[in-house]
Novice: 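Would you mind keeping the following structure in view while I ask a few things?
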Amino acid sequence: MNKHADSIDAAILDRIQSGAPGDVFAPTDFLDLGSRAAVDQALSRNCRAGLIRKASRGLYDVPHNHPLIGPLSSSPDAVIKHRPPGCIVLQPPADVVPMTLVFPTSAAKAVYLTNGRSRRIQVGKSLITLKHASSRTMATAGTVSGHVIQALRWIGRCYVDDRIIAKLRRI
């Protein structure tokens, strides 16, 4: 499919290709290139052409295939980067944080706490769960200290000793 050099389709594809592999993008990322209707139409055309794919409702990514596994889904962190409507703050829950502190690139579950409503987001064959949390729990969300507090919640008060405090202090 030949694209005119000045078209919105071409401009969107150029911007997508200049990004990092595995990036997820939304129509709002391209509103500087044209109206919302034109951007939606361009994304739809590129999706039908197979140049991009729909990752979730209102989110797109570049399809990438693994030679052995086949098509790979977008990472939950890349999807969550585009905060769903109504979610102002997101944070991994207490049972996931210890794993993310030790292995920052791999979360055991795609579960996040939010100050918005609870819901599930389908991303390919994966499922991201958003759980509503109290404002007290979300007070330090998005910070390193928020992760440390969640880890301490998971460990439990009676199991916190000097060794754990030293490890969390290093993190």
Novice: Is there a side-chain contact between F25 and I12, using heavy atoms and a 4.5 Å cut-off?
Specialist: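 F25 vs I12: side chains apart.
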Novice: Identify the two heavy atoms, one from N46 and one from D9, that lie closest to each other, and give their separation to 0.1 Å.
Specialist: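 Minimum heavy-atom contact is ND2-O, 3.9 Å.
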Novice: Would you list the pairs meeting salt bridge (charged side-chain N to carboxylate O under 4.0 Å, His left out) in which at least one residue belongs to residues 141-150, sequence neighbours left out?
Specialist: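 Listed once each, the pairs would be none.
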Novice: Could you measure the distance from the CZ atom of R119 to the NZ atom of K131? Nearest 0.5 Å is fine.
Specialist: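 It is 15.0 Å, given to the nearest 0.5 Å.
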Novice: Between D23 and V62, is there a side-chain heavy-atom distance shorter than 4.5 Å?
Specialist: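 V62 does not reach D23 side chain to side chain.
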Novice: Can you give the donor-acceptor pairs under 3.5 Å from side chains of residues 27-37 to other protein atoms, not counting sequence neighbours?
Specialist:
from: D29; atom 1: OD2; to: A26; atom 2: N; distance (Å): 3.0
from: D32; atom 1: OD1; to: R15; atom 2: NH1; distance (Å): 3.0
from: D32; atom 1: OD1; to: R15; atom 2: NH2; distance (Å): 3.4
from: D32; atom 1: OD2; to: R15; atom 2: NH2; distance (Å): 2.8
from: S35; atom 1: OG; to: A38; atom 2: N; distance (Å): 3.2
from: R36; atom 1: NE; to: D40; atom 2: OD1; distance (Å): 3.1
from: R36; atom 1: NE; to: D40; atom 2: OD2; distance (Å): 3.2

Novice: Atom CG of L43 and atom CG of L59: how far apart are they, to the nearest 0.5 Å?
Specialist: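 Interatomic distance, L43 CG to L59 CG, rounded to 0.5 Å: 10.5 Å.
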